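A quick write-up on the structure given underneath.
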Amino acid sequence: MMPNPLMQVLLIPLLSTPLIYLYARRAGKYGGYAAAIPLTYTLLLLLALLNEVLKGASHLESYTWAPGAALTFGLLADGLSIWMLLTINLLSLLVSIYSVRYMEHRFEEEHEGHEHFSKSDYANYYALYMLYVAGMMGTVMATNLIEFYLFYELMLIPSWLLINNYGYGERERIGMMYFLWTHVGAVILLVGLLSAYWVTGSFEISALPAVASSPNAPLIAVAILIGFFTKMAVFGLHIWLPYAHAEAPTPISALLSPAMIGIGAYAATRLVLLPMSTIFSHFSLIFSLWALVTMVYGGLMALAQDDVKRFLAYSSISQMGYIFLGMASVSTLGVSGAMFHYVSHGLGKCILFCVAGILITQVGTRSMKHMGGLADRMPLTATLALIGVFSIAGVPPTAGFMSKWLIFSGVFDSSLPSLDAAVFAAVSIIMTVLTVGYTLWMIRRVFFGPLPEGLREVREAPPVMTAPLIILAAISLILGVYPRLITDSLLPLIGSLLG
Amino acid sequence: MVMISPLSASFLPLPLAVLLLGGGTLPLIGLLAEKTGLRRLRELWAIAFSALNLISIYLLYQELRASPGRVIVSSLLGSPPLAGCFEIDTLGVYMAGCVALLGFLAVVYSYHYMEEESRLTEFYTLVLLMMAGMTGVALAGDFFTLFVFWEMMGISSYVLVAFLKYRWGPIEAGFKYLIMSATGSAFLLLSMSLIYGMSGTLNFAYLSASLRGVEPSPWLLLLLATLIVGFGVKSAIVPFHTWLPDAHPEAPGPISALLSGIVIETGLYALMRVTYLTFTPSVYRSVFAALAVITMTVANIMALLQNDLKRLLAYSSISQIGYMLIGLSTGTAYGLMGSLLHILNHSLMKGLAFLAAGNITHQTGMRDIEKLRGVGRMMPYTMLSLSISLLGLGGVPATNGFISKFILFSSAIGAGMPILAVAGVLNSALSMAYYLRVMKNFISTPEGEFEAEEAPALMVAVNLLMALLILLLGLWPQPAIRYADAASRMLVEGLGRYIQAVVGR
Amino acid sequence: MNALIPYLVSVFLLLLIGLGCLMMKRDMIRMLIGLEILFNAANLNFVALSLSRAGFVDPLGQSIVMMAIVLDGCVIAVGLAMVLNAYKHYGTLDVRKLRRLRW
Amino acid sequence: MGLEVISTYPGPWLAWMIPMAGALLMPLLAKAGDRVRDLAAVLFAFAAVLSTFSMIPWLISGEYPGDIKLLTWIAFPDKPPLEVGLLVDPLSIIIANVVSFIAFLIVVYSVGYMHGDPCLTRYWFFFLFFIGSMLLLVLSDNFIMLLVGWEGVGMCSWGLIGFYYRDEKENWLGGPPPTPMYPPSHCGMKAFVVTGFGDVLLLAAIFIIYHYAGTFNFLELIEAAPHWLSAIAATPGLLSLTALLLLGGPIGKSAQFPLHEWLPEAMAGPTPVSALIHAATMVKAGVYLVARLSPIFYIGYWVHGIAEAITFFTAIAVIGAFTAFLAASQAMVALELKKALAYSTISQIGYMMLALGVAGLGEGALLPGLTSGVFHLLSHALFKAALFLCAGCAIHAVESIYMFDMGGLRRWMPITHILMLIAALSLSGVPPLSGFWSKDAVFLSCLYAGSPLAYALLIVAAITAAMTFFYSLRFISLTFYGEPSHHVEELEREHHIHEAGPIMWVPIAILDALVIVIGLLGLIGLVAPSLSPEHIIEGKLHLMLHEMEIPLPSHVAAPSPIGTISLSAAMLLLGGVAGYLFYLARRIDPKEFVESSPILRGIYSFLWNRWYINPLYYAIFVDGLLAFKDAIFKFFESAVVDRGLNEGVPAVFTGLYHRVKRLQTGVLSYNMLYIALAYIALLLTLLYLMGGV
């Protein structure tokens with residue numbers, strides 16, 4: 001075992017950023033492979049840690065940071081966070097490889113007419129990419145509220161720059177919108193964190209349970225949660241998401257949607273739900289309703305979309321509704337299912353966004369109206385898209401099935417024995433049909449039906465774009481068949497934390 | 001407790017002596033430089049003296065640290081109650097240190113920035129004198145000394161704002177600044193007379209001993225109001241801020257950095273010191289809280305749609321003053337620590353922002369954000385440092401701005417004023433909008449209307465150094481926190497000791 | 001205390017006059033005069049208080065006033081210099097014409 | 001544990017693993033060439049058959065392994081773990097064998113039928129995956145694994161209905177215009193969504209049960225049934241809700257009213273698919289599940305007197321009988337051959353559901369009810385598969401799905417004609433074919449139940465039997481008898497219409513042979529009851545219920561079969577005469593007959609429009625939903641959220657800016673005014689705050 005593995009996981013992407021920058025300045029698009037190297041290393045580290053965590057141990061590293069302001073710098077990998085870490089690391093590793101071809105296309109498109117485009121574009125892209133990944137990983141590992149907040153905001157800035165510099169359409173305005181919405185959420189979160197500090201006298205996450213006994217606990221919890229809900233883009237706070245996810249460069253969308261917004265859910269679980277479950281359960285009913293609305297609303301709006309990336313963005317909102325629903329149940333199975341769904345949604349949605357990217361590069365349009373019958377021309381992509389769709393719609397043997405039934409089992413667990421609550425839970429479960437409906441409709445519109453005249457010449461994507469997706473699909477299937485990998489560490493942890 | 005220090009045994013504290021000496025000799029050096037043709041001599045002279053200043057502050061600090069809670073009193077002719085005197089404590093040294101740091105950086109920056117201008121002897125003299133003024137304010141032990149240095153700082157800054165007198169802008173701005181600021185000084189004088197009338201002394205220790213904690217009478221409240229106006233104009237608390245958006249942008253780049261970065265904070269520091277010595281926090285708390293909210297909100301709204309980069313930064317300075325007022329209004333050591341930390345951090349961030357803006361105006365001659373689209377792609381290092389400073393100003397973690405803001409908001413919650421914290425964070429989010437707008441425009445693809453090259457290496461080096469400091473203090477705030485903590489404790493917990501150090505002699 | 005009242009009243013009046021002058025006068029030179037009045041209000045206050053405080057003439061107050069007068073002098077001098085420059089640029093002494101910088 | 005379990009009981013494990021592995025290997029095998037791939041598919045299916053056949057000795061000996069647990073799938077912190085396990089008992093063995101055997105025959109048939117299709121790899125993938133999933137569904141010992149199989153078959157069904165995903169016009173279903181036509185990809189989606197709706201209802205019920213019972217395992221659920229049933233019943237209404245939700249899955253999967261509308265459209269897939277999935281096996285999954293669960297509710301109501309438990313049986317019986325009638329009535333007017341068969345499938349499954357429903361309506365009816373349900377499932381699987389495969393031959397030959405494009409085909413396709421006729425007669429319940437005995441068993445179980453409701457449902461079922469014979473004669477006649485249609489004549493001119501090859505008719509012949517054998521065994525059973533298939537199944541199921549420790553009443557008075565047999569005969573006569581007159585002999589022109597009276601016209605149009613259920617569903621769930629989402633998008637997302645927040649918030653601040661900026665006049669006099677005013681305001685505020693003035 002390497003010393004301080006988590007610190008390495010955090011620092012290696014950060015420290016390799018300048019190197020990757022310099023390399024990409026010379027090597028252009030091949031910078032993507034350079035970015036993959038440190039991420040592979042951290043992935044291996046995490047897998048080594050996973051071995052430890054699966055044995056029931058959690059790995060904590062603690063460093064002195066600023067004793068004057070009551071700060072320590074801790075990094076934690078336990079049965080919950082290790083899965084988030086692995087998901088983020090894996091997705092970012094694969095997406096970095098995927099980016100090689102995609103960003104080449106993107107720059108060609110952007111600099112149309114100019115013969116040469118600058119290699120520093122690649123350098124900037126991969127440097128920001130690494131920072132973004134480090135931000136996400138740090139957020140998940142943090143054990144201290146301020147440290148957490150630091151990384152929470154740190155993942156915002158590079159992603160904003162990535163949208164602003166490499167996005168589509170009105171990317172500048174959308175980038176700002178994305179930044180400001182989540183930033184407003186984050187500052188409200190900050191008030192909550194600070195209030196929590198004044199109750200407990202400590203910024204440690206492990207000290208948070210003490211907040212629950214404070215009379216102001218509901219207010220504090222709500223302040224913290226609002227911040228996370230904005231990140232998760234639950235109904236009412238979701239407006240930035242379709243824009244940001246649709247107009248971000250597709251590899252970034254493929255990280256934003258699967259990896260980042262779910263961190264909101266993870267954080268809400270980690271900071272509020274688990275330590276203050278009594279407070280959280282006060283809001284259980286409202287949150288369940290809210291989650292249901294989010295689920296249905298996201299689904300309905302997805303139906304209304306023609307742009308395939310916007311469609312996926314709305315479906316992410318809907319999927320966040322599922323996660324939210326699981327959390328709102330405040331039951332072991334529900335919360336574990338929600339966290340599991342983070343992983344399975346991550347896998348599925350990453351595949352789908354990358355498929356959208358493939359469509360953009362190979363077909364040259366994002367409008368589903370202009371697509372159709374593409375399964376003919378790109379069978380592999382179609383198959384991958386199907387696996388992605390099944391993963392988010394919860395069709396076995398994908399991981400989505402496992403996570404969704406855990407979520408719903410938890411929902412019923414918490415609502416029974418009351419009859420009307422059971423009916424409500426049943427209604428919420430029925431609404432999942434909508435997911436099947438809109439995802440399949442997307443598949444149908446894009447891949448089925450007669451092939452339009454103009455798309456006869458479309459070719460299958462190169463292996464550098466499809467190979468990462470095949471890996472993701474395989475993992476989704478493996479987790480679907482053998483969910484114990486996750487549940488064995490997740491369920492007991494959540495169970496013991498919920499009490 | 002009171003010891004005569006080798007560093008301050010002379011009638012002036014060492015930093016002040018250094019600056020005054022530097023400022024005083026600069027005209028001669030300037031003359032010499034003109035004669036010999038060694039034109040860079042005066043720049044180097046100024047740099048040398050500001051560096052010396054920094055070193056002497058460090059020495060002074062080391063001396064103070066040797067025995068915690070110590071107050072060094074050095075008086076001009078005679079004993080404290082009657083004569084003007086300096087009372088050097090950690091708080092004063094902290095503030096003087098902020099001045100020295102930013103002053104040094106600004107002077108170094110000026111080396112290239114001002115090279116095309118004439119009358120540089122005058123310029124550097126004034127800069128050094130302005131720094132001397134601020135250092136004097138920071139170290140002053142009585143109100144009268146404070147006033148004298150206050151005016152020194154003021155007068156130098158009036159001239160510096162209007163330094164580019166061949167343009168209409170600086171003149172207009174300078175005149176407005178002068179009138180308003182002098183009005184503030186008149187109010188300050190008036191408040192001095194009131195204090196004098198009430199306590200018979202102007203020495204901080206004595207007046208604190210006699211005024212602090214007494215039942216607030218109308219006279220005392222009148223005094224407080226007058227003080228707020230007196231210091232408020234200089235520190236640009238809304239609604240006394242109207243001069244600032246004119247004066248700061250019109251000054252030359254390094255002067256803007258100094259003005260925004262430290263001059264207005266000196267006003268705030270003086271306000272903090274005097275009000276805290278004179279009143280218990282319960283008297284002024286709500287007023288300051290209200291002023292804080294008004295200041296932040298108005299300034300942020302005004303900054304939202306500014307097209308002039310430096311004007312936008314000027315408004316942002318006003319809003320930052322609002323944040324610092326939060327700490328002041330809590331009246332706790334923790335809150336004051338936040339304010340002090342923010343003074344330091346803001347001096348770095350805003351200093352950097354203005355210096356980076358200086359780079360841009362220096363290279364392009366433009367200040368309009370819309371017209372400057374894509375400038376960041378041409379000047380990457382400037383852009384990098386500007387972005388770091390702007391993010392810091394917006395309170396993004398990993399920058400020092402976040403640390404101080406979070407302490408400020410946290411102190412507001414700790415002092416039972418969560419509304420203030422909420423107002424603060426919302427304003428902070430609002431302010432992000434215009435910082436982002438600047439960054440967004442600058443990093444966008446250029447529209448090819450102008451070409452620009454990266455600024456000279458020295459200027460960029462200063463920028464990058466400051467950016468590095470911002471990140472360093474953001475990620476490892478411990479040293480800054482320790483100093484600010486010691487400073488604020490000096491004010492809050494060391495009050496009795498402070499009084500005793502002077503009175504009990 | 002009662003002996004102070006006329007002084008305080010006149011200080012108050014001077015304050016009003018000074019502020020009024022600054023608010024209402026268009027002429028830049030007159031504004032500087034208003035500023036001077038404002039300073040003098042404070043000075044007068046000092047002098048009056050230095051008389052009444054201790055029962056004897058307190059040298060502290062007096063000396064401060066002396067110093068303050070010098071300082072105002074400097075300010076006014078700088079101000080006048082700026083007026084001159086302003087006149088060069090704007091061709092007027094009307095302060096309300098100096099409004100190119102706003103918003 | 002582990003491999004040991006598999007090596008001890010290889011049959012049940014390999015049965016579903018082999019086809020699944022085969023499915024996953026298909027893309028690789030396709031690289032080796034088309035012939036290898038097709039051969040491999042047949043072999044995989046054959047391996048599945050062998051595996052299931054290896055379980056038959058257990059069935060015969062009566063010493064079956066029961067619950068075989070392999071490993072822990074998910075461990076819960078506070079509840080027993082969810083284990084991967086198989087439940088091998090007579091019920092699952094019988095159904096697994098039916099599934100694998102018919103699937104194998106159809107795989108063989110497919111080799112001929114699908115010959116030359118460029119997308120055969122995908123076909124085999126879904127086909128084999130289907131077989132695996134279906135066997136998993138049948139064999140699994142817990143709800144979650146069952147659901148995996150359940151969703152798996154749904155997915156394969158979706159993939160195969162939409163097999164012709166290019167949506168060429170000739171593969172569209174429906175019509176003729178103005179009746180809407182649906183492309184295959186649409187139909188596949190419809191099937192998946194509608195059955196998916198049922199699935200989530202089932203899922204909800206599973207979670208309610210899990211909450212109270214703490215287990216997903218069927219045997220444990222049966223064992224602990226009294227406890228958790230009474231716990232659920234403690235909340236009034238909850239048990240009924242659970243029962244109804246639980247039925248949601250079977251209703252959806254087995255295409256029962258009100259979720260039956262997907263099955264007719266499922267005919268858009270290739271015919272072998274319709275035969276296997278949408279007639280013989282997958283749609284029986286619901287029947288299987290109901291059979292699997294009925295002991296639980298039987299115990300609840302009849303042994304422990306939990307009143308609400310009867311909801312399960314009442315609901316399924318009523319739904320079954322009603323669906324049987326509903327679908328049969330629609331089958332009488334269907335124009336597409338496969339659709340007529342599809343309606344007939346729905347109707348026949350209705351019978352099975354009815355049988356399982358009445359199983360709980362009387363204390364002694366459980367065993368006869370279950371038996372007749374399973375028996376009918378078995379016999380229906382055989383003859384309906386045969387019917388579909390024959391229909392496939394016919395459609396293949398005439399290149400049209402419409403019966404009015406056929407006619408007189410017996411001239412060219414004698415083998416198909418005979419095979420289809422036998423199957424159709426079995427479907428109609430003509431003695432002594434298997435359909436007769438199984439349908440009779442269903443009727444008889446209604447008598448076993450003995451409740452008024454059961455009698456009422458028996459009448460409905462009997463009327464349906466008449467309709468069944470009528471529509472069977474109709475589709476047989478329209479296809480094989482009468483004069484050839486213009487279409488056929490044109491085809492004949494172009495190229496010779498020919499009989500299907502042996503690779504296609506041999507599997508059908510095997511199916512038909514089984515139909516006849518079972519029918520004959522039934523006949524023999526009249527004299528030697530131990531040989532009657534019904535009796536054999538009953539014995540096995542009795543053993544199973546005994547093992548489950550279901551207390552069955554010791555002595556049940558068996559109702560005389562004479563009544564039901566004569567009822568069947570009467571109904572056959574009724575339906576047969578009508579069918580003969582209208583179609584076989586063509587004495588009455590159906591068109592003129594319908595046109596003759598407005599009431600008949602009305603009835604015709606009612607039936608033709610599928611009781612207006614399909615249009616209604618489309619109006620609500622498709623058009624309504626789409627309109628709803630458009631409205632929400634337009635009036636909420638765009639107007640309120642987007643315009644309001646996205647543009648409104650910045651607008652608010654811009655407005656504020658333009659207001660506030662007026663303070664910054666640039667005029668010095670105003671600035672001085674602010675100072676003065678602020679001074680006064682500060683003073684007053686301070687005085688107010690401190691002095692309480």
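Each chain gets a letter, A, B and so on, in the order the sequences are listed, and its residues count up from 1. Everything numeric in this text was worked out from a predicted model, so none of it was measured.
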- prompt: So what's closer than 4.5 Å to chain B heavy atoms on C:V11: side chain, backbone, both or neither?
  reply: side chain
message: When you compare the side chain of B:S185 with that of C:F39, does any pair of heavy atoms fall below 4.5 Å?
response: yes
- line: With chain C, the option among B:R311, B:K165, B:M152, B:M302 that has the most non-hydrogen atom pairs under 4.5 Å is B:R311
- prompt: Is there side-chain contact between B:L189 and C:F46, with at least one heavy-atom pair below 4.5 Å?
  reply: yes
message: Using heavy-atom distances under 4.5 Å, tell me whether B:Y166 contacts chain C through its side chain, its backbone, both, or neither.
response: backbone
task: With a 4.5 angstrom heavy-atom cut-off, could you sort out which part of B:E151 is near chain C: side chain, backbone, both or neither?
output: side chain
- request: Side chain from CB out, backbone as N, CA, C, O: work out which of these in C:L15 comes under 4.5 Å of a heavy atom of chain B, or both, or neither.
  value: side chain
- prompt: Is chain B contacted by the side chain of C:V95, its backbone, both, or neither, given a heavy-atom distance below 4.5 Å?
  reply: side chain
task: Specify the closest pair of heavy atoms between C:N45 and B:L190, including all atoms of both residues, with the distance to one decimal.
output: ND2-CD1, 3.8 Å
B:R167 versus chain C, the contacting section by heavy-atom distance below 4.5 Å: backbone
- prompt: Do the side chains of C:M67 and B:F147 get nearer than 4.5 Å, heavy atoms only?
  reply: no
query: Any side-chain heavy atom of C:L19 within less than 4.5 Å of one from B:F187?
result: yes
- prompt: Side-chain contact, heavy-atom cut-off 4.5 Å: C:L32 with B:L178?
  reply: yes
query: Between B:G174, B:S181, B:A162, B:S191, which residue shows the highest count of heavy-atom pairs closer than 4.5 Å to chain C?
result: B:G174
- prompt: Using a cut-off of under 4.5 Å for heavy-atom pairs, which of C:L35, C:I64, C:L38 has the most such pairs with chain B?
  reply: C:I64
task: Give, as side chain, backbone, both or neither, the part of C:I76 having an atom under 4.5 angstrom from any heavy atom of chain B.
output: neither
Considering all heavy atoms, the nearest C:V78-B:Y158 contact: CG1-CB, 4.2 Å
query: Got more than 12 heavy atoms from elsewhere within 6.0 Å of CZ, B:R367?
result: yes
message: So for B:M192, is it side chain, backbone, both, or neither that comes closer than 4.5 Å to the heavy atoms of chain C?
response: both
- prompt: When rounded to the nearest 0.5 angstrom, what is the spacing between CD in B:E172 and NZ in C:K97?
  reply: 12.5 Å
query: Looking only at heavy atoms, which two atoms of B:S193 and C:L49 are closest? And how far apart?
result: O-CD1, 2.9 Å
task: If the plane angle is over 60° it's perpendicular, under 30° parallel, otherwise tilted; pick one for C:Y90 and B:W168.
output: perpendicular
statement: Tightest non-hydrogen contact, residues C:A42 and B:A186, listed as CB-O, 3.9 Å
